*Asks:* 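I have a structure here, written as structure tokens, and I will follow up with some questions on it.
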Amino acid sequence: RNSAKLIAPLGCLVSRQKHTLPDLPYDYGALEPHINATIMQLHHSKHHATYVNNLNVTEEKYKEALAKGDVTAQVSLQPALKFNGGGHINHTIFWTNLSPNGGGEPKGELMEAIKRDFGSFANFKEKLTAVSVGVQGSGWGWLGYNKEQGRLQIAACANQDPLQGTTGLIPLLGIDVWEHAYYLQYKNVRPDYLKAIWNVINWENVSSRYAACKK
């Protein structure tokens, strides 16, 4: 019986489908003038696609290392899993966090939680913007949910480090501050990009994520 229980999950691992690039829920030019079509096309079809492809390759190598019991190879593959896996996770969230019908302020429970944990929406917006501007090099600014404490929390992650995997916070809203997310339009002026992105934040999506993680 114990052997039979083990066979199923191992079989799933072997037959698991490869990761794929998710479709955008809007056209590349839909977020203009705040984020232009050229950036969105490159960001999605080139950068995110590269993370997906490299993640699949790395997972295949990891599966081989597991089968061989090669712990050294498993350990050496961890950085690539973290980087490409994080890149895929982060961008999959990011695309849904944006909408051509976005902007404004959230409503309902999310707005109440923001006021409770940050004092006001304006204060929250200022803090997340400051954290995102302050990321050294490449990375992300995040609004996450601390399930243990039952409160919202702002955090920054370097490179493509995934929020939940590295901090334990459940991701609600991510702001990509890698230069590929804004350089073609905003050059090196990251604050201008961050000012613009608030006009396309999909608060319905963020609110849905908040409701789901509270269950």
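Just so it is clear, the structure is predicted and the values come from calculations on it, not from any experiment.
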*Asks:* When rounded to the nearest 0.5 angstrom, what is the spacing between CD1 in Ile170 and CD in Gln153?
*Replies:* 11.5 Å
*Asks:* Using the side chain to side chain contact (heavy atoms under 4.5 Å, CB included) rule, take Val177 and Leu194 through it: C-alpha gap first, then chi angles, then the decisive distance, then the call.
*Replies:* CA-CA 8 Å; Val177 290; Leu194 286 162; 4.1 Å; yes
*Asks:* Using 0.5 Å steps for rounding, measure from the OG1 atom of Thr92 to the NE2 atom of His19.
*Replies:* 10.0 Å
*Asks:* Are side-chain heavy atoms of Thr50 and Val52 found at a separation under 4.5 Å?
*Replies:* no
*Asks:* Are Trp198 and Leu172 connected in a single hydrophobic cluster, I mean Ile/Leu/Val/Met/Phe/Trp/Tyr linked by side-chain heavy atoms less than 4.5 Å apart?
*Replies:* yes
*Asks:* Within this structure, what is the OG1-CG distance for the pair Thr38 and Leu184, rounded to the nearest 0.5 Å?
*Replies:* 7.0 Å
*Asks:* Hey, can you pull the donor-acceptor pairs under 3.5 Å for the side chains in residues 157-164, sequence neighbours left out?
*Replies:*
unit_1, atom_1, unit_2, atom_2, d
Gln160, OE1, Asn90, ND2, 3.2
Gln160, OE1, Trp140, NE1, 2.9
Gln160, NE2, Tyr51, OH, 3.0

*Asks:* Under 4.5 Å between any side-chain heavy atoms of Trp95 and Asn202, yes or no?
*Replies:* no
*Asks:* Look up atom CD1 in Ile175 and atom OG in Ser132, then write down how far apart they are to the nearest 0.5 Å.
*Replies:* 4.5 Å
*Asks:* Only counting residues at least two apart or in another chain, list the ones meeting ring-ring contact (aromatic ring centres under 6.0 Å, His included) with Tyr26.
*Replies:* none
*Asks:* Is any side-chain heavy atom of Arg151 closer than 4.5 Å to one of Arg116?
*Replies:* yes
*Asks:* State, yes or no, whether a side-chain contact exists between Ile197 and Val200 at a heavy-atom distance under 4.5 Å.
*Replies:* yes
*Asks:* Quick one: does Arg190's side chain get under 4.5 Å of Val135's, heavy atoms only?
*Replies:* yes
*Asks:* For Lys63 and Glu60, what are the C-alpha separation, side-chain angles and deciding distance, and is it a salt bridge (charged side-chain N to carboxylate O under 4.0 Å, His left out)?
*Replies:* CA-CA 5 Å; Lys63 190 168 71 176; Glu60 282 299 315; 3.6 Å; yes
*Asks:* Not counting sequence neighbours, list each pair that qualifies as a salt bridge (Lys or Arg N to Asp or Glu O under 4.0 Å) and has a residue in residues 205-215.
*Replies:* Glu109-Lys214
*Asks:* Just verifying a value: how many Å separate Asn53 CG and Lys18 NZ, rounded to the nearest 0.5 Å?
*Replies:* 9.0 Å
*Asks:* Would you say the side chain of Leu98 lies within less than 4.5 Å of the side chain of Ile35, judging by non-hydrogen atoms?
*Replies:* yes
*Asks:* Would a 4.5 Å heavy-atom cut-off, applied to side chains only, mark Leu128 and Trp142 as touching?
*Replies:* no
*Asks:* Got a second to check how far Lys147's NZ is from Cys213's SG, nearest 0.5 Å?
*Replies:* 6.0 Å
*Asks:* Using the test side chain to side chain contact (heavy atoms under 4.5 Å, CB included), find all partners of Ala196 that sit at least two apart in sequence or belong to another chain.
*Replies:* His34, Tyr186
*Asks:* Would Leu66 end up clustered with Leu77 when hydrophobic side chains under 4.5 Å apart are linked, directly or stepwise?
*Replies:* yes
*Asks:* Can you tell if the side chain of Tyr145 reaches within under 4.5 Å of the side chain of Pro171, non-hydrogen atoms only?
*Replies:* no
*Asks:* Applying side-chain hydrogen bond (donor to acceptor under 3.5 Å, both in side chains), can you list everything that pairs with Asp176, at least two apart in sequence or on another chain?
*Replies:* His43, His91
*Asks:* With clusters defined by side-chain heavy atoms of hydrophobic residues (ILVMFWY) lying less than 4.5 Å apart, directly or transitively, does Leu42 cluster with Ile39?
*Replies:* yes
*Asks:* Is Lys61 paired with Glu64 through a side-chain N to carboxylate O contact shorter than 4.0 Å?
*Replies:* no
*Asks:* Ring centres under 6.0 Å, that's the criterion: do Phe121 and Trp203 meet it?
*Replies:* yes
*Asks:* If only side-chain N and O atoms count, and only distance matters, is there a donor-acceptor pair under 3.5 Å linking Asn205 with Asn97?
*Replies:* yes
*Asks:* If you count heavy atoms of other groups shown closer than 6.0 angstrom to CD of Gln78, is the number above 12?
*Replies:* yes
*Asks:* Considering residues at least two apart in sequence or located in another chain, which fulfil the side-chain hydrogen bond (donor to acceptor under 3.5 Å, both in side chains) criterion with Glu148?
*Replies:* none
